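Below is one structure; the comments refer to it alone.
Chain letters run A, B, ... following the sequence lines, proteins first, then strands; residues in each count from 1. All values derive from a computational prediction rather than experimental measurement.
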Amino acid sequence: MANWAFWRRPQPLSREQSLASVPLRNQAIEVEETDAGEVRLVIPLRAAWWARLLSRLFYVPKKRRVVLDEIGSYVWGLCDGRRNIRDIIQALAGRYKLHRKEAEVSVVAYLRQLARRGIIGIALLKPGDRKRAGDREP
Amino acid sequence: MTGQERWAPLGWQGVSLEVPEDWCPGSLEGDSASGYLRVEDELRVRLELRWETAGRSVVPAARLVDAYLKQVRKKLPRGAPEPSVDRGRTVKELAGLDHEAFTWRGGAGARKGGAHSLLLVAPEQRRIVHCRLFFDEGNDHKALARRVFGSIRVAPRDGMNEWAVFGLRFLVPHEWRLEQSALRTGSLQFVFKAGSDELDVVRQSLARMTLGKSPLEQWLLGTFAKPLKGFRCASEAGRYRGHEAARCGGELSLRARPLAVFRRRCYATALAWHCPEADKLFAVRCQSTRPDDPRAERCADSIVCH
């Protein structure tokens with residue numbers, strides 16, 4: 001009998017699992033610092049066939065630059081592969097004197113946005129795997 | 001549980017209580033007549049509070065508990081084990097008020113646990129309050145429940161209701177009703193109304209960054225730009241409770257709103273201050289028929305900024 005299990009949607013993460021997961025930077029992205037001390041991400045663009053064709057006639061940038069604001073730069077700095085989301089929330093709440101919930105809502109929304117754009121990945125770790133995630137960081 | 005030694009006030013729609021500092025509201029619904037408040041810690045729901053207006057005839061708390069337990073039993077899935085209920089307890093601090101505290105234990109497997117409940121009837125305020133504190137099997141947090149239930153208040157103190165969420169705590173006259181609230185990351189705003197009078201309370205985090213873009217006076221006028229429209233406002237910088245502050249106030253301009261000539265004179269006052277210790281900006285605005293409404297000052301005085 002055919003196994004239709006792949007049709008099933010994956011189980012949503014529990015709150016504990018999502019807070020314990022570790023954001024990892026995309027290694028293909030270059031990081032620069034602006035004069036104001038903010039982080040500038042240089043994201044290589046993967047050109048589709050039609051973009052490659054167009055680039056013979058027009059200028060098509062190969063890289064996209066994104067400048068993060070003060071808080072965004074701070075959170076980016078915390079995404080070092082060692083800290084999990086809970087640690088980042090605590091660090092942000094402590095630095096900017098925010099309530100835990102306020103920090104949690106903004107950090108989760110921000111990381112989700114970065115993950116959607118492929119700037120970071122989220123590693124779901126088992127309790128003993130925390131050190132290993134840090135080891136992957138160059 | 002972390003933070004159990006440190007407690008924070010929680011106040012909403014005339015019901016106030018104390019909860020561990022790391023608990024915060026996860027859901028707020030309803031108005032002063034009836035509503036629901038859910039409190040969560042980092043991982044799970046810890047407390048639920050429901051309030052509603054009592055009918056004309058006062059029903060004793062014990063009878064309400066009977067009805068509640070009957071409902072709970074009705075909703076149990078078929079074959080589920082019967083929950084055990086420990087009833088008839090009282091809370092020392094609530095002596096004089098009709099109330100009953102009880103504990104139910106039930107569920108199966110991972111969902112095994114229970115809740116400490118308190119049902120309180122306040123006939124003067126015509127209010128019924130039901131508070132449930134959840135616990136897992138093995139740790140029933142009895143002392144915690146005793147402390148939380150003992151701190152519940154439903155009556156205003158000196159005619160003032162306590163509002164307290166996310167570390168912002170202030171007092172508002174009992175007759176003011178919450179018209180709207182916006183609880184956003186880094187920005188809390190409450191608008192109260194009593195007849196044609198209005199009271200606004202705002203707290204904004206990341207003050208240092210905000211003031212880097214615009215001075216305090218400008219922030220105050222920008223924050224209340226819409227409600228202050230039409231008022232002949234004069235603003236001035238000053239000090240408030242040792243902090244940098246800005247004030248503005250004025251009368252409703254008849255040129256801007258000519259039809260206001262048929263109504264009583266209307267005045268607006270607004271005050272904002274910057275607390276560097278908390279890195280927050282606080283602002284209170286009052287629109288009233290009195291030129292210097294003392295209620296605005298009283299509300300601002302009650303805000304604990306750091």
- Heavy-atom pairs under 4.5 Å with chain B are the metric here; pick the option from V105(A), I71(A), I89(A), L98(A) that has the most.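 Ranked by heavy-atom pairs under 4.5 Å with chain B, first place is I71(A).
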- Item | Heavy-atom check, side chain of R44(B) versus side chain of R15(A), under 4.5 Å |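 R44(B) vs R15(A): side chains apart.
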- Message: Could you tell me if the side chain of K97(A) sits less than 4.5 Å from the side chain of R208(B), heavy atoms only?
- Response: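 No; the side chains remain at least 4.5 Å from each other.
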- Task: Rounded to the nearest 0.5 Å, what's the gap from NZ on K101(A) to CG on L183(B)? Could you check?
- Result: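 Nearest 0.5 Å value for the NZ-CG distance: 11.5 Å.
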- Query: What's the spacing between W23(B) CH2 and R100(A) CZ if we round to 0.5 Å?
  - Reply: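 That separation rounds to 11.5 Å.
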Taking atom [atom1] of [X] as the centre, report whether more than 12 heavy atoms of other residues, nucleotides or ligands fall under 6.0 Å from it.
X	atom1	answer
R169(B)	CZ	yes
R239(B)	CZ	yes
R241(B)	CZ	yes
E16(A)	CD	no

- Of the non-hydrogen atoms in Y96(A) and D279(B), which two are nearest, and what is the gap between them?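 Minimum heavy-atom contact is O-OD2, 4.1 Å.
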- chain A heavy atoms under 4.5 Å from E277(B): which part of the residue, side chain, backbone, both or neither?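 For E277(B), the contact with chain A is made by the backbone alone.
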- Query: Between the side chain of E102(A) and the main-chain N/O of T185(B), is any donor-acceptor distance below 3.5 Å?
  - Reply: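 Answer holds: no.
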